[in-house]
Amino acid sequence: MMMPSIFGENLFDDFMNDFSFPTFPNVDKELYGKHVKNLMKTDVKETENAYEIDIDLPGFKKDEIQMELKDGVLTVSAAKGLDKDEEDKKGNYIRKERYAGSMSRSFYVGKHVTVEDVHPKYESGILSFSVPKAEAKPVEEKKHYISIEG
């Protein structure tokens, strides 16, 4: 919609053309690569005695992944940093940028789970581990007798 003006032209037509915004690189893609959309996708499979968990972490190294178990909550964290330097032939900086990113995901696994119960394995960008289920306590069947009067 054109705005009328007293001079017969729109004063705001070219307003934004005078501004140039710097273009920023896609930092997530710089840090995590082309598989950024697949990060921390999780599959949980229930078996008879445990839950088997697979988490997609493509592009990470094993030492960039950390697992913590506290008060029945298992947290998986991944962090990555990237330094990008560009210099001219004389060694003068043309551009120097640093990026950092981290992500985490937490699961309530129960207070019965200990660190020794979790055996993580990281292969081909997938972190795999299982968490034991809590042992079902046998239900005691209580009989409630009703006394008969008379």
Side-chain angles (χ1 to χ4, degrees), residues 1 12-150:
M1 176 176 140
F12 300 105
D13 276 346
D14 296 326
F15 177 70
M16 292 303 287
N17 291 343
D18 293 338
F19 293 100
S20 63
F21 294 102
T23 58
F24 295 104
N26 184 343
V27 174
D28 285 341
K29 193 169 185 178
E30 287 281 336
L31 281 169
Y32 308 118
K34 63 183 177 179
H35 302 291
V36 66
K37 63 186 175 293
N38 297 327
L39 292 178
M40 297 297 275
K41 287 188 177 177
T42 303
D43 297 331
V44 179
K45 179 181 176 185
E46 183 177 8
T47 63
E48 188 175 331
N49 299 319
Y51 295 100
E52 295 176 358
I53 301 167
D54 294 329
I55 301 176
D56 290 353
L57 292 167
F60 283 94
K61 296 175 186 163
K62 187 173 89 170
D63 61 345
E64 296 172 327
I65 302 169
Q66 185 176 28
M67 296 178 74
E68 178 186 13
L69 179 62
K70 183 177 179 185
D71 297 327
V73 176
L74 179 66
T75 301
V76 177
S77 303
K80 196 169 194 67
L82 175 70
D83 291 334
K84 190 168 194 170
D85 298 337
E86 292 181 14
E87 298 179 0
D88 64 8
K89 291 179 183 177
K90 296 178 183 177
N92 298 320
Y93 288 114
I94 302 297
R95 180 176 90 172
K96 190 171 187 174
E97 296 179 332
R98 287 157 295 290
Y99 307 110
S102 65
M103 62 193 70
S104 68
R105 188 146 189 199
S106 296
F107 306 91
Y108 181 77
V109 294
K111 293 191 178 196
H112 67 282
V113 177
T114 64
V115 173
E116 291 80 23
D117 294 331
V118 182
H119 301 283
K121 182 173 80 170
Y122 185 64
E123 249 180 15
S124 302
I126 298 174
L127 178 67
S128 302
F129 58 94
S130 64
V131 176
K133 290 182 179 179
E135 291 182 23
K137 295 179 183 175
V139 178
E140 292 181 21
E141 201 174 305
K142 293 185 180 181
K143 296 180 182 177
H144 298 281
Y145 293 100
I146 301 171
S147 48
I148 301 171
E149 293 180 24

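Everything numeric in this text was worked out from a predicted model, so none of it was measured.
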Do the side chains of Leu57 and Met40 get nearer than 4.5 Å, heavy atoms only? yes
Say you draw a straight line from CD of Gln66 to OG of Ser102; how long is it, rounded to the nearest 0.5 Å? 11.0 Å
With rounding to the nearest 0.5 Å, note down the distance linking NZ in Lys121 to NZ in Lys62. 12.5 Å
Side-chain heavy atoms of Thr47 within contact of Glu52, under 4.5 Å: yes
Could you tell me which residues satisfy side chain to side chain donor-acceptor pair (under 3.5 Å) with Lys133, sequence neighbours excluded, listed by chain and number? Glu46
Could you tell me if the side chain of Leu69 sits less than 4.5 Å from the side chain of Val109, heavy atoms only? yes
Pick one: which of Asp56, Asp54, Ile126 meets side chain to side chain contact (heavy atoms under 4.5 Å, CB included) with Lys41? Asp56
Heavy-atom pair with the smallest gap, counting every atom of Phe129 and Leu74: CE1-CD2, 3.3 Å
Do Arg105 and Ile55 make a side-chain contact, defined as non-hydrogen atoms from C-beta onward lying under 4.5 Å apart? no
Identify, with sequence neighbours excluded, every residue that meets side chain to side chain donor-acceptor pair (under 3.5 Å) alongside Thr114. Glu116, Asp117
Of all heavy-atom pairs between His112 and Ala134, which one has the smallest distance, and what is that distance? NE2-N, 3.2 Å
Can you name the nearest heavy-atom pair linking Pro132 to Val113, along with the distance? O-CG2, 3.9 Å
Under 4.5 Å between any side-chain heavy atoms of Tyr122 and Phe60, yes or no? yes
